Amino acid sequence: MQENRPIEQLKAAITAKRERTLQEQFERVVSLVKVLRQECPWDRKQTSHSLAHLLLEESYELVHAIDEGDESELKKEIGDLFLHLCFQVELAGERGTFSFGDVFDALSHKLISRHPHVFGDVVAESEREVVKNWESLKMQEGRQSLLEGVPNTMSELLRAYRVQKKVSGVGFDWPSDDGVLDKLAEEISELKHAAGKAEQEEEFGDLLFTIVNYSRFLGANPEDALRKATNKFMARFRAVEEKVHSSERDWKEFSPEELDALWQEAKRC
C-alpha cells in the first residue's frame, strides 16, 4: 500500500493529478494522515485524547449539515469525520495495537454475529425483536450488565434515552404511554413541593428523565426533538431581533407586551 513508501514518494503520490479508484482514494487519505503525522508540527503533537473533543465537534457539525439539508456541507463534514477516524487508526498503529484491517474485520464480525436473522436462521419479524436479540447477544459476549457500553461522555439527554431503550428491550418498561403521562404529572407535583435547592434539582432531574421516557412512546429521539425546538426558537428570536434593530430602539425600551407581540409575529412567519 502507499503508506509503506518513503515519505517523499507518498507526497508525490498524494499530490499527483490523476483519476483514482475507490481503493486508491482511500489509500490517498490514509497516506495524507501519515505524512501530516510526520511533517506537520501540530499533527505530531496530537494523541488520541487530545483529538477526542475535536472528534465530538466534527460529529456535531455533521449532524448540523444533515439538519440543514446541505449536501455540499454534508460531504465535507463526512470527510472531516473520516479524517479523524483515520488519525485514530494511525495513532493505534504507532502504538502497535490495531490497523484499519483489524477495524474492518471487527466491524464485519460484529454485524454478522448480531444479525442472526439476516445471516442465520433466527426469526425476527419486528424492530423490537431485533433490538431484544441485539441486547441478548451482547450479554452472551461477556457483558455483566445491559448498561455496559453506555458512554459517560454522551449528552445526558441522549444517555438517558439510551439507558431507557436498553432496559425496555428486556421488558423493563411502561406497558403504555398512559403510565408515563401519569408519572409526568406526579413528577411535576413533586417538583412544585420540593423544599430546598438539592431536592428541587433532584425532582427536576426525575422530571427530565420521565420526559425522555415519554419520547420513546412518541417514537421521537429527545436529542433530535430538543435540537429542532432550539433551532426553531433561534430562528424566531432572530426575527424579533431584526425588528428590534430596525426600530432603532434599545431592547430595554420595549415593554414585555411589545416583545411578546413581536414574538407572536415571528411565530406566524
Side-chain angles (χ1 to χ4, degrees), residues 1-67 70-115 134 137-138 141-145 147-159 161-163 166 223 227:
M1 289 181 63
Q2 286 184 337
E3 61 265 29
N4 294 323
R5 301 179 187 178
I7 196 71
E8 292 304 321
Q9 290 185 22
L10 277 181
K11 289 165 70 174
I14 289 167
T15 56
K17 295 182 178 180
R18 62 181 181 82
E19 293 292 324
R20 292 176 170 82
T21 65
L22 180 59
Q23 179 177 338
E24 289 172 333
Q25 290 173 323
F26 171 79
E27 292 177 354
R28 186 188 192 195
V29 175
V30 173
S31 297
L32 264 166
V33 172
K34 183 172 287 291
V35 169
L36 292 174
R37 180 67 173 161
Q38 294 186 41
E39 302 224 327
C40 174
W42 186 89
D43 289 275
R44 282 199 299 266
K45 289 178 60 178
Q46 302 313 307
T47 66
S48 289
H49 292 291
S50 71
L51 292 170
H53 74 99
L54 294 175
L55 182 60
L56 280 174
E57 288 179 21
E58 294 298 349
S59 300
Y60 286 128
E61 289 175 6
L62 174 58
V63 172
H64 179 72
I66 293 172
D67 283 346
D70 189 328
E71 296 293 339
S72 177
E73 281 302 309
L74 180 58
K75 176 180 66 177
K76 294 176 185 176
E77 296 302 340
I78 290 174
D80 289 345
L81 186 58
F82 184 69
L83 169 63
H84 275 272
L85 299 180
C86 288
F87 213 127
Q88 291 292 339
V89 174
E90 172 66 21
L91 293 172
E94 292 175 9
R95 297 191 299 269
T97 50
F98 60 82
S99 66
F100 257 120
D102 298 319
V103 170
F104 295 148
D105 281 345
L107 175 60
S108 296
H109 175 75
K110 181 173 71 173
L111 291 177
I112 292 169
S113 64
R114 291 188 183 174
H115 289 80
W134 183 279
L137 288 165
K138 282 185 180 180
E141 292 169 1
R143 295 193 176 187
Q144 301 301 309
S145 169
L147 302 181
E148 281 186 34
V150 179
N152 291 331
T153 51
M154 273 184 167
S155 76
E156 291 305 323
L157 199 63
L158 191 56
R159 187 164 169 253
Y161 181 71
R162 177 74 72 85
V163 166
K166 281 181 172 292
E223 192 84 13
R227 186 175 68 253

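Model, not experiment: these values are computed from the prediction.
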Got R28 and E24 here, is their nearest side-chain heavy-atom distance under 4.5 Å?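 R28 does not reach E24 side chain to side chain.
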Gap separating the [atom1] atom of [X] from the [atom2] atom of [Y], nearest 0.5 angstrom:
X	Y	atom1	atom2	value
E90	D43	CD	CG	10.5 Å
S31	L36	OG	CG	10.5 Å
K76	E71	NZ	CD	13.0 Å
E27	L22	CD	CG	10.0 Å

Set of residues satisfying side-chain contact (heavy atoms from CB on, under 4.5 Å) with respect to [X], sequence neighbours excluded:
X	value
L32	I14
K11	I7, E8, V35, E39
V89	F98, F100, V103
I112	F119

Please, which pairs that meet salt bridge (Lys or Arg N to Asp or Glu O under 4.0 Å) have at least one residue in residues 48-62, sequence neighbours excluded? none
Kindly state each residue pair satisfying salt bridge (Lys or Arg N to Asp or Glu O under 4.0 Å) with at least one member in residues 92-113, sequence neighbours excluded.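 Every salt bridge (Lys or Arg N to Asp or Glu O under 4.0 Å) pair that includes a residue of residues 92-113, provided the two are not neighbours, is R37-E94.
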Shortest non-hydrogen contact from L91 to T47?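 In this case the closest contact between L91 and T47 is CD1-C, 3.6 Å.
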Please collect all ring-ring contact (aromatic ring centres under 6.0 Å, His included) contacts where either partner lies in residues 33-62, sequence neighbours excluded, each pair once. none
Could you list the residues that satisfy side-chain hydrogen bond (donor to acceptor under 3.5 Å, both in side chains) with E156, not counting sequence neighbours?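 R159.
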Residues forming a side-chain hydrogen bond (donor to acceptor under 3.5 Å, both in side chains) with D67, sequence neighbours excluded: R227
Ignoring hydrogens and angles, write down the donor-acceptor pairs under 3.5 Å from the side chains of residues 79-87, residues two or more places apart or on other chains.
none

Listed by chain and number, what are the salt bridge (charged side-chain N to carboxylate O under 4.0 Å, His left out) partners of E77, not counting sequence neighbours? none
Mind checking ring-ring contact (aromatic ring centres under 6.0 Å, His included) for H115 and listing every partner two or more places apart, or none if nothing turns up?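 Testing H115 for ring-ring contact (aromatic ring centres under 6.0 Å, His included), a comparison that skips the adjacent residues, returns H117, W134.
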